[in-house]
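First up is the structure itself, then whatever we jot down about it.
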Amino acid sequence: MEKTDQEPASRGRPEAIKAVPVRHPGRWVTVAVVAVLGAMLLHVLFTNPALDWDFVGAVLRDPTVVHGIWTTLELTVLAMLMGVVGGVLLAVMRLSKNPVLSGAAWFYIWVFRGTPVLVQLVLWNNIGFLWKEISLGVPFGPSFWSQESNTLVPVFTAALLGLGLNEAAYMAEIVRAGIQSVDEGQSEAAHALGMSRATALRRIVLPQAMRVIIPPTGNETISMLKTTSLVQVISLVELFTAGHDISTRTYKPIAAMIAVSIYYLLLTSILTVGQYYLERYYARGANRTLPPTPLQRVRALFAGRAPAKPAASAAPAGSAATDGAPGGAPDGRKDA
Amino acid sequence: MTDLSKPQEAPGRPMVRAEGVHKSYGQVEVLKGIDLEVRQSEVFCLVGPSGSGKSTFLRCINHLEKINAGRLYVDGELVGYRQKGDRLYELRDREVALKRQDIGMVFQRFNLFPHMTALENVTEAPVQVKKENRAAARDRAMALLERVGLADKAGNYPSQLSGGQQQRVAIARALAMQPKLMLFDEPTSALDPELVGEVLDVMRGLAEEGMTMIVVTHEMGFAREVGDALVFMDGGVVVESGHPREVLGNPQHERTRAFLSKVL
């Protein structure tokens, strides 16, 4: 890229400004306060006997806890998958011109968003009380296939139904907001080219809606990761339940929960990084140039500090820079 | 001047025919009985003050708006309906979409797809709608971009293009469907003055090749030079029509004169 403002100084050009920067004494005060608080925290973490770090390590390695991570991940991924697919379906139904479809979607959202997930989990787990067996066939007529409810809906499936169907109601509203954020001229242009409604939605509207849909969906995913801990009420052992079982057995709840929290933080960090790159992908075309990724920034920093080469576009130094903290601060420089 | 190069001897078959077209939004009647005929290969200009219904009429032609009364035909076929006996049946979405494939439209605000490059904008409809082979669509798209002078911008996203460039990509996008009729809805109104020319040049080229074009415009110079017919609309009716040079040079109605005195 050419940088027009880096032309060699012409003859009549005045000297570059070198001013004394504004001082920020307030910053030093905040640094001091944060440093003291940080020291206090470290002190507690390493001297309080209730915090048995060896025990934390033992919990981290405990096989039921490690297995619990997988259950948590499985539940999160599958429930979000149900949520996203169901949400898109419900959002399209709600925006449909067919009043029955939009009414049905409205009703679904009203029910599933209006009752606690905890209640829904318990309901799904006890579906056998309502229908002893579930069968496929003609309504009010003969059935071709049937299965006992308790066999058909084991605990894991009940957890998945509870979490996924509830999530679909939330995702429906997120997707609807995204679809409505796309300029009407876009679907008009698509229709004028002869695209069907479905093609226009799939190729033109939804990809643009993604920019609005992804950030809250990232939130929902992270929220889901933690909400999976609620399945404890139906006795499904995932990360939290595994840690909780240890804490009740050993009377060391703080250490057990710290171990569990470490895993939760680790998982959310990974998700945040994934979200960052997904957002970047769907920002294609929306910004003239994409802001650099944290990794690219770190590299640019090293490249910049290396010899006296101010041009940031020079090939980055081969430093194996660590990926920037997920932070997820999308501020960057918005535009000039 | 351009008249020389244009096949003007025999009037072509009618491409668009409107008979008493009415359109209202609730209580507000926007079109109050439009009668007109656009012939093949004609450049037909619609002018008039804003709110006169000219854009609405244009949008009726490809059924982006439904008309309330009257009949509207494109290439001899009723727009949006099928007639059996004296009964009208609404067309299904799919049938409407099929007819729109033959009618290109260019919008005032370009409406390019921002998540696709210029090239992808042009190949999108042929590939998705006509199920054209990707490579073939790409070659044709490149040729079209070349024709509007933007072959070097094929990989750029719309946000990286100027208004004039975006509008030229939009024209290429419409042409990619090989339409028999092109609708232009104030194609230069959203452009900086110095970018208007490049878009008009492309349109002039199209006209010379014999494309049937209906152009809603405030560019009287373009209408006079390229147009074969011109209609002045006001308040939802056709006030005056004729050859552009006659209507613009010697308007017969007071309203036409008042309007032209403001824009010329």
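On a predicted model such as this, the values are computed, not experimentally measured, just so you know. Just so it is clear: chains get the letters A, B, ... in the order the sequence lines come, proteins before strands, and each one is counted from 1.
- When each of B/L112, B/D102, B/I103 is scored by its heavy-atom pairs under 4.5 Å with chain A, the top score falls to B/L112.
- The OH atom of B/Y81 sits 10.0 Å away from atom CG of B/L72, with the distance rounded to the nearest 0.5 Å.
- Other residues, nucleotides and ligands contribute at most 12 non-hydrogen atoms within 6.0 Å of the CD atom of A/E184.
- Not a single salt bridge (charged side-chain N to carboxylate O under 4.0 Å, His left out) links B/K153 to another residue, sequence neighbours left out.
- Relative to the ring axis of B/Y73, B/R17 places its NZ or CZ within 45° and under 6.0 Å from the centre.
- Panel note: side chain A/Q208, backbone A/I204; a donor-acceptor pair is recorded below 3.5 Å.
- A donor-acceptor contact shorter than 3.5 Å links the side chain of B/Q160 to the backbone of B/Y157.
- For a residue to count as touching a neighbouring chain, one of its non-hydrogen atoms must lie under 4.5 Å from one of that chain's; by this rule B/F113 touches chain A with backbone and side chain alike.
- No other option in A/M195, A/H191, A/R203 has as many heavy-atom pairs under 4.5 Å with chain B as A/R203.
- Interface residue A/R197: only side-chain heavy atoms are found under 4.5 Å from chain B.
- Judged by distance alone, the side chain of B/T188 and the main-chain N or O of B/L191 form no donor-acceptor pair under 3.5 Å.
- Of residues 121-149 of chain B, those residues with a non-hydrogen atom less than 4.5 Å from any non-hydrogen atom of chain A are, in numerical order, B/E124, B/A125, B/Q128, B/V129.
- Judged purely by atom type and a 3.5 angstrom limit, B/N111 uses its side chain to pair as donor or acceptor with the backbone of A/G185.
- Under a 3.5 Å cut-off, the side chain of A/Y282 and the backbone N or O of A/V212 do not form any donor-acceptor pair.
- The closest donor-acceptor contact from the side chain of B/D185 to the backbone of B/Q108 lies at 3.5 Å or more, if one exists at all.
- With a 4.5 Å cut-off on non-hydrogen atoms, B/L183 does not touch chain A at all.
- Residues of residues 51-66 of chain B lying under 4.5 angstrom from chain A, judged on non-hydrogen atoms, are B/R59, B/N62, B/L64 in numerical order.
- Residues of residues 86-103 of chain A never come within less than 4.5 angstrom of chain B, heavy atom to heavy atom.
- The closest donor-acceptor contact from the side chain of A/S223 to the backbone of A/N219 lies at 3.5 Å or more, if one exists at all.
- Side chain of B/S41 to main chain of B/G210: a donor-acceptor pair is present (N/O by atom type, distance under 3.5 Å, no hydrogens or angles).
- Residue B/R94 touches chain A through its side chain alone, counting heavy-atom pairs closer than 4.5 Å.
- Note on ring orientation: taking the six-membered ring where Trp is involved, the planes of A/F107 and A/W110 are tilted (angle from 30° to 60°).
- Using a distance-only test at 3.5 Å, with no hydrogens or angles considered, no donor-acceptor pair links the side chain of A/Q275 to the main chain of A/I270.
- Listed for the B/E37 side chain is no donor-acceptor partner under 3.5 Å among the backbone atoms of B/P14.
- If you run side chain to side chain contact (heavy atoms under 4.5 Å, CB included) between B/V106 and each of B/M182, B/R168, B/R173, only B/M182 comes through.
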